[in-house]
Student: 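This is the structure, below, for whatever I ask next.
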Amino acid sequence: MFFIMGISQGEKKLNFDQTIVCSHCGQYGHLEVYMIYSYLSLFFIPIFKWGRRYFVKTTCCGASAEIDAELGRQIERGEVTSLPENIIPHSPDEYAPHRMHRCPSCGFETEEDYQFCPKCGQRLN
């Protein structure tokens with residue numbers, strides 16, 4: 001007689017969807033909440049779950065952050081229907097949307113964050 005058992009990690013998307021204007025990329029998107037957990041399976045059937053962690057993620061740029069376990073459980077039970085749009089904190093090296101900078105003098109356009117135009121030397125706004 002032998003047993004087929006193992007420990008693995010699972011991910012479950014919770015029934016939560018909130019439309020937002022993303023504070024990270026400025027685009028329309030959705031906030032989605034995921035639960036990540038470890039589980040013991042016996043004959044490929046999950047028997048016991050532990051180590052539940054909850055994350056919120058945007059669909060537009062993929063920014064994500066871990067949220068409090070109690071808040072995650074409330075979302076899982078359907079008690080929370082909206083989250084603050086700034087729930088995902090900004091990091092200094094995070095993706096920032098590219099803006100075009102245009103020289104008022106010669107019309108040169110660049111995505112770089114120059115203080116002066118590389119073509120004519122005029123100060124950029």
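All values below were derived from every heavy atom in this structure, side-chain atoms included, with hydrogens, water molecules and symmetry-related copies excluded. Quick note: residue numbers are just sequence positions, from 1. Keep in mind it's a predicted model, so treat the numbers as computed, not measured.
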Student: Rounded to the nearest 0.5 Å, how far does CZ of Phe48 lie from CD1 of Ile7?
Tutor: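 So the CD1 of Ile7 and the CZ of Phe48 are separated by 10.0 Å.
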
Student: Can you tell me how far apart CG (Leu71) and CD (Glu66) are? Round to the nearest 0.5 Å.
Tutor: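 It comes to 11.5 Å.
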
Student: Take atom CZ of Phe44 as the centre, draw a 6.0 Å sphere, and report whether it contains more than 12 heavy atoms from other residues, nucleotides or ligands.
Tutor: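 Open.
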
Student: Taking all non-hydrogen atoms of both residues into account, name the closest pair between Trp50 and Leu40 and its distance.
Tutor: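 Distance-wise, the nearest heavy atoms are CZ3-N, 3.5 Å.
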
Student: So Cys61 and Cys22, do their side chains get closer than 4.5 Å, heavy atoms only?
Tutor: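 A side-chain contact under 4.5 Å exists here.
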
Student: Roughly how far apart are Thr19 OG1 and Tyr28 OH, rounded to 0.5 Å?
Tutor: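 Reported value, rounded in 0.5 Å steps: 10.5 Å.
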
Student: In terms of hydrophobic clustering (I, L, V, M, F, W, Y; side-chain heavy atoms under 4.5 Å; direct or indirect links), are Ile88 and Ile67 co-clustered?
Tutor: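 Same cluster.
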
Student: Using side chain to side chain contact (heavy atoms under 4.5 Å, CB included), reason through Val56 and Ile75 one step at a time and then give a plain yes or no.
Tutor: CA-CA 11 Å; Val56 63; Ile75 292 170; over 6 Å; no

Student: Write down the atom of Phe16, the atom of Val33, and the distance for their closest heavy-atom approach.
Tutor: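 The pair with the smallest heavy-atom distance is CD2-CG2, 3.5 Å.
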
Student: Measure across Phe108 and Cys117 and return the closest heavy-atom pair with its distance rounded to 0.1 Å.
Tutor: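 The answer is CB-SG, 3.9 Å.
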
Student: Can you tell me if Gln115 has over 12 outside heavy atoms packed within less than 6.0 Å of its CD?
Tutor: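 Atom CD in Gln115 is not crowded, with 12 or fewer foreign heavy atoms closer than 6.0 Å.
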
Student: Nearest 0.5 Å please: distance from the NE2 atom of His30 over to the CD atom of Gln18.
Tutor: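 Those atoms lie 10.5 Å apart.
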
Student: Show the nearest heavy-atom pair for residues Ala65 and Pro89, with the distance to one decimal.
Tutor: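 Shortest heavy-atom separation between Ala65 and Pro89 comes out as CB-CD, 3.8 Å.
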
Student: Would you kindly confirm whether Val80 and Tyr34 end up in one hydrophobic cluster when ILVMFWY residues are joined by side chain heavy atoms under 4.5 Å apart?
Tutor: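 No, Val80 and Tyr34 fall in different hydrophobic clusters.
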
Student: Quick one, Tyr39 and Ser8 - any side-chain contact, counting heavy atoms below 4.5 Å?
Tutor: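 They are in side-chain contact.
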
Student: The test is side chain to side chain contact (heavy atoms under 4.5 Å, CB included); show your working for Cys120 and Cys103 and say whether it passes.
Tutor: CA-CA 9 Å; Cys120 70; Cys103 177; 3.6 Å; yes

Student: Look up atom CZ in Phe55 and atom CE in Met35, then write down how far apart they are to the nearest 0.5 Å.
Tutor: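 Separation between the atoms: 12.0 Å.
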
Student: Does the pair Glu76/Arg73 count as a salt bridge with the N-to-O cut at 4.0 Å?
Tutor: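 Salt bridge absent between Glu76 and Arg73.
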
Student: Atom CD1 of Ile36 and atom CD of Gln9: how far apart are they, to the nearest 0.5 Å?
Tutor: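 The CD atom of Gln9 is 6.0 Å from CD1 of Ile36, to the nearest 0.5 Å.
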
Student: Any cation-pi pair here, Lys49 with Tyr37, using under 6.0 Å and within 45°?
Tutor: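 Pair Lys49/Tyr37 counts as cation-pi.
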
Student: In the structure I gave you, are the side-chain heavy atoms of Leu83 and Ile20 within less than 4.5 Å of one another anywhere?
Tutor: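 Counting from C-beta outward, Leu83 and Ile20 never come under 4.5 Å.
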
Student: Could you tell me whether Glu70 and Arg77 make a salt bridge, using a distance below 4.0 angstrom between a side-chain N and a carboxylate O?
Tutor: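 Looking at Glu70 and Arg77, the cut-off is met.
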
Student: May I ask you to decide if Thr58's main-chain N or O and His24's side chain share a donor-acceptor pair within less than 3.5 Å?
Tutor: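 Checking the backbone N and O of Thr58 against the side chain of His24, no donor-acceptor pair under 3.5 Å is found.
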
